[in-house]
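See below for the structure under consideration.
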Amino acid sequence: MMILSPRNEKKRTRRLLIIATGVVVLALAFDWVSGGTLRGLVRFMSTVAWSSSSRMLSSVAWSGLFSNVRALRAENEALKQEISRLQVQTASYESLAEENTALREIVHLAEGSAGLTAPIVSSTRSSPYGTFMVGAGSAEGVVEGNIVVVGERGSGIVIGEVDDVHEHVSLVTEVFAPGTSIEGSLRGIPTTFEGQGGGNARTKISQELEVEVGDTVTSPAFGGRLVGVVGAIASDPTNAYQSVYIRTPVNLSELRFVYVIP
Amino acid sequence: MSYLSRIRIRWFLSALGFSGAVLAPAWVPLVAMVLLALRYSAWEILGIGLLVDLLWLPAGVSFSHLPLFTLIALILVWGLEPLRSEFLT
């Protein structure tokens, strides 16, 4: 191996950094000009890597190694999924009961809406921007702005909106992505919710308004569908406002499939 | 530290960053980028930042959709370069 003097080594490193910076700038510019060609390619490759690693992990888990751990984990996962399913169901029914008359028309509309089931093909925890990928794209009829729902078709809980569509992969932005604000309704009171990421949001409402843990939140931005439930309330008598913390009543990392509706 | 172990640590951190961008929570590639930047003038930092943004950044040009990881990578690579030149051999 050729040994470079420290001065030459520094020069070489600096030259490499300049080239790398140029490549990064060019890549971003190319992606922007081409309407996301590079993003599409990288995302497709990442879904392949994601599914391969998932397959590898599950084959290790089912190979007989860690069998006790595997059994416990499977039971734990099944119970968690059951809890999530029941929470979604409860929240859906509460929401429907609360706004029975007003939502009848919307529910009818939602039940009649066409859509498709799509697998989640990426980690739901990796994105710093509150996004994840589903395995359906323009070829399957997905378009930007489609709503992503879990639970019962149409009357389930909205967890996100399709933001970027490629041929067989789409990027979904979570309803409560970090830095977003969403108009919603809590006990019929219009409020703005600030997304915190991970399916959580926060809002401040007057102390005089009575809110309870488990109250449902709907959003006109998603056709009046359910977007979350009240998870906690922080009330300070010396403050005119109380902080209300909203959460999506499903664990996104446990999900395997979602429903995409126009 | 020998040349070989320095290279190994750099490879390990780079691999952690690139695979973490796809499979792990966002703090994993960020930590890998910071650790790389503290010790090396590594082009891999820029690669990891770009990969995170290409994978996860929503479409559209707005202030809420800035490529934060690429910007952080540029700051780590070029902002810390004078310090690295001064203190690292």
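Looking at B:E81, only its side chain comes within 4.5 Å of chain A, counting heavy atoms on both sides. Contact of B:I45 with chain A is not made at all, since no heavy-atom distance falls under 4.5 Å. With a 4.5 angstrom heavy-atom cutoff, A:T13 touches chain B only via side-chain atoms. Proximity to chain A involves both the backbone and the side chain of B:L23, based on heavy atoms less than 4.5 angstrom apart. Only the side chain of B:W78 comes within less than 4.5 Å of a heavy atom of chain A; its backbone N, CA, C and O stay farther away. Contacts of A:T21 with chain B are made by both backbone and side-chain atoms, with heavy-atom separations under 4.5 Å. Heavy atoms closer than 4.5 Å to chain B are found in the side chain of A:L171, but not in its backbone.
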A:M133 and A:S46: side chain to side chain contact (heavy atoms under 4.5 Å, CB included), yes or no, with the steps? CA-CA 10 Å; A:M133 286 177 246; A:S46 85; 3.5 Å; yes
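No donor-acceptor pair under 3.5 Å is formed between the side chain of A:T180 and the backbone N or O of A:F176. Of the possible donor and acceptor atoms, one in the side chain of B:R84 sits under 3.5 Å from a partner among the backbone N and O of B:V77.
Here the closest heavy-atom approach between residue B:V22 and residue A:S126 is recorded as O-OG, 3.4 Å.
Residues of residues 140-148 of chain A lying within less than 4.5 angstrom of chain B, judged on heavy atoms, are absent.
For the pairing with A:T173, the side chain to side chain donor-acceptor pair (under 3.5 Å) check across A:T131, A:D164, A:D163 returns one residue only, A:D163.
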N/O donor-acceptor pairs under 3.5 Å from side chains in residues 48-59 of chain B, not counting sequence neighbours:
{"unit_1": "B:D53", "atom_1": "OD1", "unit_2": "A:Y129", "atom_2": "OH", "d": "2.4"}
{"unit_1": "B:D53", "atom_1": "OD2", "unit_2": "B:F69", "atom_2": "N", "d": "3.4"}
{"unit_1": "B:D53", "atom_1": "OD2", "unit_2": "B:T70", "atom_2": "N", "d": "2.8"}
{"unit_1": "B:D53", "atom_1": "OD2", "unit_2": "B:T70", "atom_2": "OG1", "d": "2.5"}
{"unit_1": "B:W56", "atom_1": "NE1", "unit_2": "B:A21", "atom_2": "O", "d": "2.9"}

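Counting non-hydrogen atoms of other residues, nucleotides and ligands closer than 6.0 Å to CZ of A:F44 gives a total of 12 or fewer.
Using a 4.0 Å cut-off between a side-chain N of Lys or Arg and a carboxylate O of Asp or Glu, A:R256 and A:E77 qualify as a salt bridge.
Under the 3.5 Å distance criterion, with hydrogens and angles disregarded, a donor-acceptor pair is assigned to the side chains of A:T192 and A:E183.
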